[in-house]
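Values reported hereafter were calculated over all heavy atoms of this structure, with side chains retained and with hydrogens, waters and symmetry mates removed.
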Amino acid sequence: MGDLSPAATPALHYQAPLTLRLSIRWARAIRWEFWPAWLFYIPVVVYILWLGLRFGKPTVFTAANPAFAAGGVVGESKTEALAPLQAQAPDTVARFETIAGRLAAGERIAQARRFVGDNTGYPVILKPDIGCRGRGVAVIRNDAQLCAYLQDAPGDVLVQRYIDGEEFGVFVYRQPGSGEAVIYSITHKCFPVLLGDGRHTLAELIAADARARLIAPLLWRRFAARLQDVPPPGERIALVEIGAHCRGSLFLDASHLATPALRATIERIFAAIPGFRFGRLDLRCPSAAALSAGEDLRVLEVNGVTAEAAHIYHPGTPLRVGYASIVRQWRIAFEIGAEQARHGAKLTGAFELLRLFREDLHRGKQWF
């Protein structure tokens with residue numbers, strides 16, 4: 001689901017020149033960060049199957065996060081992950097409420113309006129309680145957008161404070177045995193911006209920008225109603241507002257920002273969410289310096305086992321380096337899962353996982 005803004009709700013179709021489309025396809029094909037997930041993960045799946053044989057329990061990784069259903073592999077609830085944090089360490093989380101899908105549209109809208117009024121007003125974030133890869137996440141800037149979203153949204157929805165600042169994905173885990181908090185990687189999620197020059201159309205600006213042209217098919221759909229507009233000189237056109245790679249965000253490796261101060265804050269977050277031991281914290285804070293100091297950060301989402309240490313998508317990262325990181329990540333997931341299983345954590349069986357993945361595919365088709 002795209003952003004609920006004029007740039008995201010066009011009914012028009014833009015046909016780029018064939019030479020431009022072919023050039024973009026080639027540029028994406030030679031950059032593995034843009035490969036389809038199923039293609040990239042073929043050798044990873046083989047490695048996971050091998051780990052299953054090695055550990056004697058093919059799905060032991062589902063025990064890595066006893067706090068989440070199936071360890072956060074698929075179908076986990078954002079409410080389930082964030083509610084303990086909001087209760088135990090509210091200064092570290094973007095405040096939210098869950099709006100039940102069973103309510104009538106009018107009741108859902110009324111609850112969301114109360115949340116907006118009780119907090120800082122617009123903008124706010126609306127997103128599905130169960131979702132992944134940015135699916136269904138929208139920045140809501142006014143009452144009309146809020147009503148439109150909640151009239152059509154299926155299932156439970158979170159309304160969450162919009163947090164300004166820089167966005168990061170911090171992949172963390174508890175060291176098997178010692179339980180010590182480890183920062184595996186940090187990803188800086190950057191949102192590409194174009195500057196108008198008063199001479200070129202938005203379509204031409206996209207085609208001329210080295211990064212924007214790589215996500216041009218996405219931008220052509222998102223900005224279809226505005227592609228022939230000529231932005232005035234100095235106008236900033238924000239191409240992306242959601243920190244998801246598939247939604248166009250640029251991911252940069254920021255692992256150098258890890259510090260003892262940040263690790264101490266991560267320890268607080270672990271302590272506030274019993275049973276969370278492996279995954280990625282998506283958060284915002286005022287600056288990179290604030291992140292390193294472990295100060296003023298607000299967690300937006302807590303992701304479980306299948307979350308990626310997204311620093312691998314830093315442009316120019318060699319494919320072998322990306323695979324090495326993913327392989328290590330899954331080995332750690334198995335090790336933590338095995339440890340938790342020995343302490344009585346429940347495993348999710350292969351057939352149950354298959355059912356959950358099928359449910360998630362169906363759920364994804366429901367979102368507009």
Practice task
Taking side chain to side chain donor-acceptor pair (under 3.5 Å) as the test, write out the residues that go with Thr317, two or more places apart.
Solution key: none
Handout entry: With sequence neighbours excluded, residues passing ring-ring contact (aromatic ring centres under 6.0 Å, His included) with Tyr122
Key = none
Practice task
Inspect the contact between Arg211 and Glu33 and indicate whether a charged nitrogen and a carboxylate oxygen are less than 4.0 angstrom apart.
Solution key: yes
Exercise for the section: Without swapping roles, check the side chain of Arg280 against the backbone of Ala307 for a donor-acceptor pair under 3.5 Å. Expected result: no
Problem - Set of side chain to side chain donor-acceptor pair (under 3.5 Å) partners for Gln86, sequence neighbours left out - result: none
Handout entry: side chain to side chain donor-acceptor pair (under 3.5 Å) partners for Thr265, two or more places apart
Key = none
Problem - Donor-acceptor contact present, side-chain Asn142 to main-chain Ala144, <3.5 Å - result: yes
Practice task
For residues Ala64 and Val305, report the shortest heavy-atom separation together with the two atoms involved.
Solution key: CB-CG2, 3.9 Å
Problem - Glu204 side chain near Leu227 side chain, heavy-atom distance below 4.5 Å - result: no
Completion exercise
So the salt bridge (Lys or Arg N to Asp or Glu O under 4.0 Å) pairs with at least one residue in residues 325-348 (sequence neighbours excluded) are Arg331-Glu335
Completion exercise
CG (Leu214) and CZ (Arg31) are apart, to the nearest 0.5 Å, by 5.0 Å
Handout entry: Distance-only polar pair, side chains of Ser23 and Arg213, donor-acceptor under 3.5 Å
Key = yes
Fill in the blank from the handout: Those residues at least two apart in sequence (or on a different chain) that pass ring-ring contact (aromatic ring centres under 6.0 Å, His included) with Phe115 are none
Handout entry: Pair Arg199 + Asp197, salt bridge at N-O below 4.0 Å
Key = yes
Practice task
For ring-ring contact (aromatic ring centres under 6.0 Å, His included), just list the numbers for Phe40 and Tyr323, CA-CA rounded to whole Å, side-chain angles, deciding distance to a tenth of an Å, and then say yes or no.
Solution key: CA-CA 9 Å; Phe40 175 77; Tyr323 274 132; 4.6 Å; yes
Exercise for the section: State whether the side chain of Asp129 and the backbone N or O of Lys78 hold a donor-acceptor pair below 3.5 Å, judged by distance alone. Expected result: yes
Fill in the blank from the handout: Residues passing the side chain to side chain donor-acceptor pair (under 3.5 Å) test with Gln151, sequence neighbours excluded, are none
Fill in the blank from the handout: Minimal heavy-atom distance between Ile183 and Ile186, with the atoms involved, is CG2-CG1, 3.9 Å
Handout entry: Asp118 and Arg161 ion-paired at < 4.0 Å
Key = no
Problem - Pairs satisfying side-chain hydrogen bond (donor to acceptor under 3.5 Å, both in side chains), at least one member in residues 253-262, at least two apart - result: Asp253-Ser255
Handout entry: Any residue meeting side-chain contact (heavy atoms from CB on, under 4.5 Å) with Leu354, in chain and number order, not counting sequence neighbours
Key = Arg358
Exercise for the section: Supply the members, apart from Ile30, of the Ile/Leu/Val/Met/Phe/Trp/Tyr cluster built from side-chain contacts under 4.5 Å; use none for a lone residue. Expected result: Trp26
Practice task
Indicate whether the side chain of Gln228 and that of Tyr14 have a donor and an acceptor atom separated by less than 3.5 Å.
Solution key: no
Exercise for the section: Show the numbers, then the answer: is there a side-chain hydrogen bond (donor to acceptor under 3.5 Å, both in side chains) between Asp156 and Thr98? Expected result: CA-CA 7 Å; Asp156 295 350; Thr98 304; over 6 Å; no
Practice task
Go through the steps to decide whether Tyr184 and Ser325 satisfy the test side-chain hydrogen bond (donor to acceptor under 3.5 Å, both in side chains), and finish with yes or no.
Solution key: CA-CA 10 Å; Tyr184 183 85; Ser325 177; 3.2 Å; yes
Handout entry: Presence of salt bridge, Arg284 and Asp164, under 4.0 angstrom
Key = no
Handout entry: Exam field: side chain Arg355 to backbone Phe351, donor-acceptor pair closer than 3.5 Å
Key = no
Exercise for the section: Assign the ring pair Trp330 / Phe334 to parallel, tilted or perpendicular, where the plane angle (0 to 90°) is split at 30° and 60°. Expected result: tilted
Could you go through residues 65-75 and list every donor-acceptor pair under 3.5 Å that involves a side-chain atom there, pairing it with any protein atom two or more places apart or in another chain?
residue : atom : partner : partner atom : Å
Asn65   : OD1  : Arg277  : N            : 2.7
Asn65   : OD1  : Phe278  : N            : 2.9
Asn65   : ND2  : Gly71   : O            : 3.0
Asn65   : ND2  : Phe278  : O            : 2.7

Exercise for the section: Please check if Leu356 and Val60 belong to a single hydrophobic cluster, counting links between Ile, Leu, Val, Met, Phe, Trp and Tyr side chain heavy atoms closer than 4.5 Å. Expected result: yes
Practice task
Using atom types as modelled and distance alone, determine if a side-chain donor or acceptor of Gln88 lies under 3.5 Å from a backbone N or O of Leu85.
Solution key: no
Problem - Any pair counted as salt bridge (Lys or Arg N to Asp or Glu O under 4.0 Å), so long as it reaches residues 170-184, sequence neighbours left out - result: Arg174-Glu267, Glu180-Arg263
